[in-house]
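Just below is one structure, and these are the notes that go with it.
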2 protein chains.
Amino acid sequence: MGFQESLKAMSDKTRREILNLLKNGDMTAGDIAAHFSMTQATVSHHLSVLKDGGLVTDRREGKYIFYELNTSVIEEIMAWLIELKGVDKQ
Amino acid sequence: MGFQESLKAMSDKTRREILNLLKNGDMTAGDIAAHFSMTQATVSHHLSVLKDGGLVTDRREGKYIFYELNTSVIEEIMAWLIELKGVDKQ
DNA sequence: TATACATTTAGATATATTTCTAAATGTATA
DNA sequence: TATACATTTAGAAATATATCTAAATGTATA
């Protein structure tokens, strides 16, 4: 889990949509998958890429596994973008 | 050129290094390529991906082609990240 | 404990990406 | 105008990614 994995994770449209969904609160893998027309296995793969990138965390509650947005990584990416933009050229 | 292409472009380490180089000012394709151990053709490919993502622009000056960082796209990405992070949870 | 439900993992296939070498293009200059 | 230099484009090979189906895992409950 690092910068590389975080950006790779964000570079896919489906995964960005998952992140947008999680903005409104934690969701189970099943509920997330229900928003897409691909198989649950495929969505599960995307969730694991997001997890590798540190963009989400998961926790089990009984039969269900809940996914939650992790914003600390997002701040790291923003810091890089701000640095890239350059303080002098705003 | 859109959000998807911009993030795809940023998701590669070599391309992020190119962006970091261009932070310090415009550079020719040759000077950029000199910073890497891959062929000029490969670096040229990366530059074209960055261009597709709107992250750089190029201009010819005689024999040379100069590349320049384009920061407006970066702001668009930052806006998404800020939105993702959520105003309420800072 | 057998069954059902929620989810992930394994293995396969198709598509995309990275990289290379060789050839092509555009510009300057002897 | 022939040649050299800077760079890109074309085409091929290797690797990575997205997706599927089928099987495995983990948990709850009849």
Side-chain angles (χ1 to χ4, degrees), chain A residues 1-22 25-70 73 77, chain B residues 1-22 25-70 73 77:
Chain A
M1 181 192 116
F3 206 63
Q4 175 60 33
E5 285 77 12
S6 305
L7 285 169
K8 264 271 152 61
M10 282 192 353
S11 76
D12 179 88
K13 192 169 177 1
T14 298
R15 291 194 289 263
R16 283 197 305 281
E17 283 177 37
I18 292 174
L19 295 176
N20 282 332
L21 281 175
L22 293 176
D26 305 356
M27 288 174 76
T28 67
D31 283 348
I32 293 168
H35 279 78
F36 300 94
S37 53
M38 49 193 97
T39 64
Q40 169 122 296
T42 298
V43 174
S44 178
H45 157 75
H46 284 305
L47 287 169
S48 105
V49 174
L50 286 169
K51 212 162 52 169
D52 283 356
L55 288 161
V56 303
T57 55
D58 63 348
R59 67 174 189 281
R60 184 178 273 275
E61 283 187 19
K63 284 197 297 189
Y64 302 95
I65 295 178
F66 282 84
Y67 282 85
E68 176 178 4
L69 199 59
N70 178 25
V73 170
I77 295 167
Chain B
M1 180 194 118
F3 205 64
Q4 175 60 33
E5 285 77 12
S6 307
L7 284 169
K8 265 270 151 62
M10 285 192 350
S11 76
D12 179 88
K13 192 168 175 5
T14 299
R15 291 194 290 261
R16 283 196 305 280
E17 284 178 37
I18 293 174
L19 294 176
N20 282 332
L21 282 175
L22 293 176
D26 305 356
M27 289 175 76
T28 67
D31 284 349
I32 294 168
H35 278 79
F36 299 94
S37 53
M38 50 194 97
T39 64
Q40 169 123 296
T42 297
V43 174
S44 178
H45 158 74
H46 283 305
L47 287 169
S48 104
V49 174
L50 286 169
K51 212 163 51 168
D52 283 356
L55 288 161
V56 302
T57 54
D58 63 348
R59 67 171 189 283
R60 185 178 272 274
E61 282 187 19
K63 284 198 296 189
Y64 302 96
I65 295 177
F66 282 84
Y67 281 86
E68 175 177 7
L69 199 59
N70 178 26
V73 170
I77 295 167

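Quick note on labels: first sequence line is chain A, next is B, and so on, each numbered from 1. Because the structure is predicted, anything quoted here is derived from the model rather than measured.
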Quick one: look up who [N] pairs with, Watson-Crick or G-U, both distances under 3.5 Å, and put none if it's unpaired.
N      : result
C:dG11 : D:dC20
C:dT27 : D:dA4
D:dA14 : C:dT17

Next on the checklist: For a side-chain contact (heavy atoms from CB on, under 4.5 Å) check, start with the C-alpha distance between B:T57 and B:K51, then their side-chain angles and the critical distance, and finish with the verdict.
Outcome noted: CA-CA 6 Å; B:T57 54; B:K51 212 163 51 168; over 6 Å; no
Return the value, rounded to whole Å, for the distance between atom [atom1] of [X] and atom [atom2] of [N].
X     : N      : atom1 : atom2 : result
A:K13 : D:dT19 : NZ    : P     : 12 Å
A:I18 : C:dT7  : CD1   : C1'   : 14 Å
B:L7  : D:dT17 : CG    : C1'   : 17 Å
A:H46 : D:dT17 : NE2   : P     : 12 Å
A:I65 : C:dT9  : CD1   : P     : 8 Å
B:Y64 : D:dT7  : OH    : P     : 7 Å
B:L50 : C:dT17 : CG    : P     : 14 Å
A:D12 : D:dT17 : CG    : P     : 11 Å

Item to check | Check against side-chain contact (heavy atoms from CB on, under 4.5 Å), B:M27 and B:E68 | outcome: CA-CA 7 Å; B:M27 289 175 76; B:E68 175 177 7; over 6 Å; no
Item to check | Closest to the B:T28 side chain, choosing from D:dT7, C:dT7, C:dT18 | outcome: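 Per side-chain heavy atoms of B:T28, the pick is D:dT7.
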Checklist outcome for this item: B/S/- along nucleotides 23-30 of chain D (protein heavy atoms under 4.0 Å) is ---SSS--
How long is the straight-line distance from [atom2] of [Y] back to [atom1] of [X], given to the nearest 0.5 Å?
X     : Y     : atom1 : atom2 : answer
B:R16 : A:F3  : CZ    : CZ    : 6.0 Å
B:R59 : B:F66 : CZ    : CZ    : 6.0 Å
B:Q40 : B:H45 : CD    : NE2   : 14.5 Å
A:T14 : A:H35 : OG1   : NE2   : 13.0 Å
A:D31 : A:Y64 : CG    : OH    : 8.5 Å
A:L50 : A:I32 : CG    : CD1   : 8.5 Å

Checklist entry - Under 4.0 Å between a side-chain N/O of A:Y67 and OP1 or OP2 of C:dT8, yes or no? => result yes
Item to check | B:I65 side chain near B:T28 side chain, heavy-atom distance below 4.5 Å | outcome: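 They are not in side-chain contact.
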Checklist entry - With sugar-phosphate meaning primed atoms plus P, OP1 and OP2, does B:F66 contact a base, only sugar-phosphate, or nothing at under 4.0 Å between heavy atoms? => result nothing
Checklist entry - Looking across every strand, which nucleic acid part, if any, lies under 4.0 Å from B:H45 by heavy atom: base, sugar-phosphate, or nothing? => result base
Item to check | Proximity to DNA chain D (any heavy atom under 4.0 Å), residues of residues 30-44 of chain B only | outcome: B:G30, B:Q40, B:A41, B:S44
Checklist entry - Does the side-chain contact (heavy atoms from CB on, under 4.5 Å) test come out yes or no for B:L55 and B:L69, once each step is laid out? => result CA-CA 6 Å; B:L55 288 161; B:L69 199 59; 5.7 Å; no
